[in-house]
Colleague: 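This is the structure, below, for whatever I ask next.
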Amino acid sequence: MRRVEDRGRRGRRGVRRPALLVTVLVLLLLGGAGPASAHAALTATDPADGTVLRTAPRDITLTFTESVGLRDDSFRVLDPGGRRVRTGEAGHADGRSDTARVTLPERLGPGTYTVAWRVVSADSHPVSGAFTFSVGKRSATAAPVATGPVEDPLTGALHQGARYLAYLAFALLTGTAAFVVRCRPPDPAPLRALAATAWWTLLAATVALLLLRAPYEAGTGPATALDPGALAGTLTGRPGALLLVRLALLPPARLLLQRLLRPAPGPRTTALALPPAVALALTWSGADHAAAGRQVPVALACSVLHLLATAVWLGGLTALLTLLRRAPDLPAATVARFSRLALTAVTVLAVTGTYQSWRGLGSWPALTGTTYGRLLLAKLAAVAALLTAAALSRHWTNRLPAPTATRTPVPAWAATRVPPPADNPPLTPAPPPAPGTTARRALRRTVLVEAAVAAVVLALTTALTSTPPGRSETAAARAAPVAALPPASVTTMPFDVGTPGGKGTVQLTLDPGRTGDNAVQAVVFASDGGLTAVPGLRLSFTLPARDLGPIDAGLTDRGGYWSTDSVTLPLPGTWTARVTVRTSEVDQVTGTTRVRIMR
């Protein structure tokens with residue numbers, strides 16, 4: 001009867017395992033519109049991008065979706081000639097952490113100015129962009145638009161590698177401690193080398209992240225990591241401060257782990273194992289996506305639980321694999337305890353992962369339409385493979401022989417203490433294979449597969465933490481017209497009137513280059529590339545696809561260039577601009593060029 005009941009329980013477990021897999025995937029995919037934020041996106045600029053002001057502004061203000069940190073070089077303002085304008089110190093407008101403001105000089109000459117900005121999101125990742133505004137009138141030429149230094153490839157690779165090693169080492173440390181406390185292996189000595197390697201790796205990765213923080217934010221090469229001023233700036237920011245806290249937590253964590261790895265750690269030691277793990281997890285969550293947006297307390301709690309559950313599962317897997325390889329006689333009870341511990345960790349991952357996915361995606365289209373969503377799908381596929389391997393491990397765990405309390409029978413000659421005759425030793429049959437040998441070998445293989453897939457899951461998790469969430473990417477796309485550069489449609493048309501010095505180019509600028517009213521500016525360049533004045537310039541637009549036009553632009557000579565404040569182009573499409581250039585009283589030429597007008 002007991003065997004029948006055991007088979008029934010195992011059958012029910014076999015039914016529940018696929019159900020659990022489906023439940024985890026469905027829960028993780030559940031998403032909806034949400035207000036959570038991370039990776040700040042620019043929503044507005046003052047002055048607005050591409051505007052022409054009658055008088056020079058006193059300051060420049062940027063508004064973001066979330067709070068941002070400012071650097072010494074957060075603003076670079078370039079005048080029409082490309083020279084940098086001396087500005088005041090960057091700060092937050094009206095004490096609002098989601099704004100950035102810089103004061104301009106009292107007098108700015110006429111022309112187009114370029115503003116390049118670079119700030120640090122509340123989740124510790126830098127964002128940058130640029131926009132333009134004009135004083136009095138647009139310049140015939142504007143300074144090249146630059147968003148500041150782009151991310152240095154070597155710095156980015158080193159920073160990402162250090163982040164991955166830090167996650168991996170934390171998982172090994174925490175998972176090993178949880179395995180010893182909850183699974184109670186009879187001899188945890190084989191885990192000491194694993195724990196020591198993880199501790200030193202986490203120490204080295206944290207130091208590397210601390211040094212690379214400044215060049216990562218500035219987008220410079222790793223050679224600037226040792227700059228004292230940059231390092232001092234890192235230590236005063238939240239990411240740097242959290243890295244320092246992590247370094248301070250590592251020595252006591254190592255002492256506690258050494259006590260845990262003794263043959264029989266006391267109850268007080270095991271009770272003290274949880275707080276250091278939670279504190280270490282907070283050094284990640286406090287400088288990541290959970291630290292930005294609404295519901296920050298809930299997000300931080302979920303992030304810590306998610307990280308701890310990941311570490312317990314993946315790090316515990318590695319500890320189990322180590323013991324299975326070095327201690328082939330590991331009791332089945334220890335393996336069964338880890339199986340139950342892993343099931344609890346998976347449940348926590350499902351609940352916290354659901355919330356994090358809802359908070360990060362913001363909408364169903366973001367699941368396939370953003371980089372964050374596609375990485376999340378890849379992670380879910382890897383998690384599905386991991387759960388499949390875990391189900392196989394549980395299957396072979398149930399096949400391990402249970403411990404028995406029976407004793408080995410004592411031979412009769414031993415009981416009477418009479419040794420057997422020396423010339424006729426008893427025949428000793430070959431010992432039968434140990435029960436459960438096949439199950440143990442299969443269990444080692446499946447746990448090894450689990451550990452390999454777990455490394456992939458951890459790599460995808462690292463990539464997700466450094467990728468703008470789908471909600472933020474969608475918000476940035478909606479705000480793109482505010483910060484898109486250049487804001488206007490620019491096209492050129494060469495001309496040649498057939499006389500000496502009669503060659504040149506007409507540059508047409510339509511602002512904003514969309515349906516409705518557009519400001520038009522036409523600048524004439526001579527064959528040598530310099531500006532030149534012409535006595536006459538006419539411009540008209542037609543839309544052949546809709547048989548619309550010609551619409552005369554009515555350009556006015558502005559003393560060096562020709563422009564009009566408004567010409568109405570009512571429909572989107574590829575318009576034909578017809579330009580007539582008169583270089584003298586008798587010489588003129590007409591040419592055409594295409595202009596794309598957006599909706």
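Just so you know, residue 1 is the first one in the sequence shown, and it goes up from there.
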Colleague: Do M493 and T505 have side chains that get closer than 4.5 Å, going by heavy atoms?
Modeller: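 SC-SC contact between M493 and T505 ruled out.
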Colleague: Between S303 and A299, is there a donor-acceptor pair closer than 3.5 Å when you use the side chain of the first and the backbone of the second?
Modeller: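 No, because the side chain of S303 does not come within donor-acceptor range (under 3.5 Å) of the backbone of A299.
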Colleague: Please confirm whether the backbone N or O of T63 pairs with a side-chain atom of T43, one donor and one acceptor, at under 3.5 Å?
Modeller: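 Yes, because the side chain of T43 sits within donor-acceptor range (under 3.5 Å) of the backbone of T63.
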Colleague: Would you say that F170 contacts L308 through its side chain, given a criterion of any heavy-atom pair below 4.5 Å between the two side chains?
Modeller: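 Side chain of F170 against side chain of L308, heavy atoms only: contact under 4.5 Å found.
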Colleague: Kindly give the heavy-atom pair with the smallest separation between V348 and L305, and that separation in Å.
Modeller: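 Between these two residues, the closest heavy atoms are CG1-O, 3.9 Å.
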Colleague: Please report the shortest heavy-atom distance between L539 and D552, naming the atom on each side.
Modeller: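 Between these two residues, the closest heavy atoms are O-OD1, 3.1 Å.
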Colleague: Kindly say whether R118 contributes a backbone atom to a donor-acceptor pair with the side chain of S74 at under 3.5 angstrom?
Modeller: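 Side chain of S74 to backbone of R118, a donor-acceptor pair under 3.5 Å: yes, one is there.
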Colleague: Any idea which heavy atoms bring G136 and V52 closest together, and the distance?
Modeller: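 Of all heavy-atom pairs spanning G136 and V52, the closest is O-CG1, 3.6 Å.
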Colleague: With a 4.5 Å limit on heavy-atom distance, are the side chains of V85 and P105 in contact?
Modeller: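 The answer is yes; the side chains approach within 4.5 Å.
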Colleague: To the nearest 0.5 Å, what is the distance between CG on L510 and OG1 on T564?
Modeller: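 If I round to the nearest 0.5 Å, the distance is 10.5 Å.
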Colleague: Working to the nearest 0.5 angstrom, can you tell me the gap between F541 CZ and L548 CG?
Modeller: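 So the CZ of F541 and the CG of L548 are separated by 12.0 Å.
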Colleague: Only one of H92, R101, R96 forms a side chain to side chain donor-acceptor pair (under 3.5 Å) with T61, so which one is it?
Modeller: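 It is R101, the one option of H92, R101, R96 that forms the side chain to side chain donor-acceptor pair (under 3.5 Å) with T61.
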Colleague: What are the two closest heavy atoms between A522 and L537, and how far apart are they?
Modeller: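 Looking at all heavy atoms of both residues, the shortest contact is CB-CD2, 3.5 Å.
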Colleague: Just so I know, are the side chains of V579 and T592 near enough to count as touching, which here means a heavy-atom distance under 4.5 Å?
Modeller: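 They are not in contact (no side-chain heavy atoms under 4.5 Å apart), so the answer is no.
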Colleague: For the pair R58 (side chain) and L104 (backbone), establish whether a donor and an acceptor sit closer than 3.5 Å, ignoring hydrogens and angles.
Modeller: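 Checking the backbone N and O of L104 against the side chain of R58, a donor-acceptor pair under 3.5 Å is found.
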Colleague: Does D557 use its side chain to pair, donor to acceptor, with the backbone of W562 at less than 3.5 Å?
Modeller: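 The answer is no, because no donor-acceptor pair under 3.5 Å joins these two groups.
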Colleague: What's the verdict on side-chain contact (heavy atoms from CB on, under 4.5 Å) for V68 and W117, showing C-alpha distance, side-chain angles and the deciding distance?
Modeller: CA-CA 12 Å; V68 293; W117 53 269; over 6 Å; no
Colleague: Does the side-chain contact (heavy atoms from CB on, under 4.5 Å) test come out yes or no for L78 and R83, once each step is laid out?
Modeller: CA-CA 5 Å; L78 306 179; R83 295 176 296 272; over 6 Å; no
Colleague: Working to the nearest 0.5 Å, report the span between CG of L349 and OG1 of T310.
Modeller: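 One gets 4.5 Å once the value is rounded to the nearest 0.5 Å.
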Colleague: In terms of relative ring orientation, are F133 and Y113 parallel, tilted or perpendicular, with 30° and 60° separating the classes?
Modeller: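 Parallel: the ring planes of F133 and Y113 meet at under 30°.
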Colleague: Using 0.5 Å steps for rounding, measure from the OG1 atom of T283 to the CG atom of L244.
Modeller: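 CG of L244 is found 11.0 Å from OG1 of T283.
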Colleague: Looking only at heavy atoms, which two atoms of A277 and T174 are closest? And how far apart?
Modeller: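 Distance-wise, the nearest heavy atoms are CB-CG2, 4.2 Å.
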Colleague: Carefully, step by step, assess T132 and D49 under the rule side-chain contact (heavy atoms from CB on, under 4.5 Å).
Modeller: CA-CA 5 Å; T132 62; D49 184 22; 3.7 Å; yes
Colleague: Taking atom CG of L242 and atom CG of L282, what is their separation to the nearest 0.5 Å?
Modeller: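 CG of L282 is found 8.5 Å from CG of L242.
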Colleague: Side chain of T99, backbone of A93: donor and acceptor closer than 3.5 Å?
Modeller: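 The answer is yes, because a donor-acceptor pair under 3.5 Å joins these two groups.
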Colleague: Between L212 and H159, what is the shortest heavy-atom contact and its length?
Modeller: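 Closest approach of L212 to H159, heavy atoms only: CD1-N, 3.8 Å.
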Colleague: Is there a side-chain contact between F75 and L62 (heavy atoms, below 4.5 Å)?
Modeller: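 A side-chain contact exists here, since the closest heavy-atom pair is under 4.5 Å.
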Colleague: Say you draw a straight line from OG1 of T206 to CG of L211; how long is it, rounded to the nearest 0.5 Å?
Modeller: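 Rounded to the nearest 0.5 Å, the OG1-CG separation comes out at 11.0 Å.
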Colleague: Identify, with sequence neighbours excluded, every residue that meets side chain to side chain contact (heavy atoms under 4.5 Å, CB included) alongside I551.
Modeller: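 Expected list: V567, L569, P570, W575.
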Colleague: Taking C-beta and beyond as the side chain, do V119 and L70 meet within less than 4.5 Å on heavy atoms?
Modeller: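 With C-beta onward as the side chain, the pair touches.
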Colleague: Counting only heavy atoms not in R582 (residues, nucleotides, ligands), do more than 12 fall under 6.0 Å from its CZ?
Modeller: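 Buried by this count: over 12 neighbours within 6.0 Å.
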Colleague: Are the side chains of L247 and L203 in touch, meaning some heavy atoms are under 4.5 Å apart?
Modeller: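 The answer is yes, as the side chains (C-beta and beyond) meet within the 4.5 Å cut-off.
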Colleague: Find out whether Y164 and Q160 are in side-chain contact, i.e. whether some heavy atom of one side chain is under 4.5 Å from a heavy atom of the other.
Modeller: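 The answer is no; the side chains never approach within 4.5 Å.
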Colleague: Go through T352 and V304 one step at a time and tell me if the side-chain contact (heavy atoms from CB on, under 4.5 Å) criterion holds.
Modeller: CA-CA 9 Å; T352 56; V304 169; over 6 Å; no
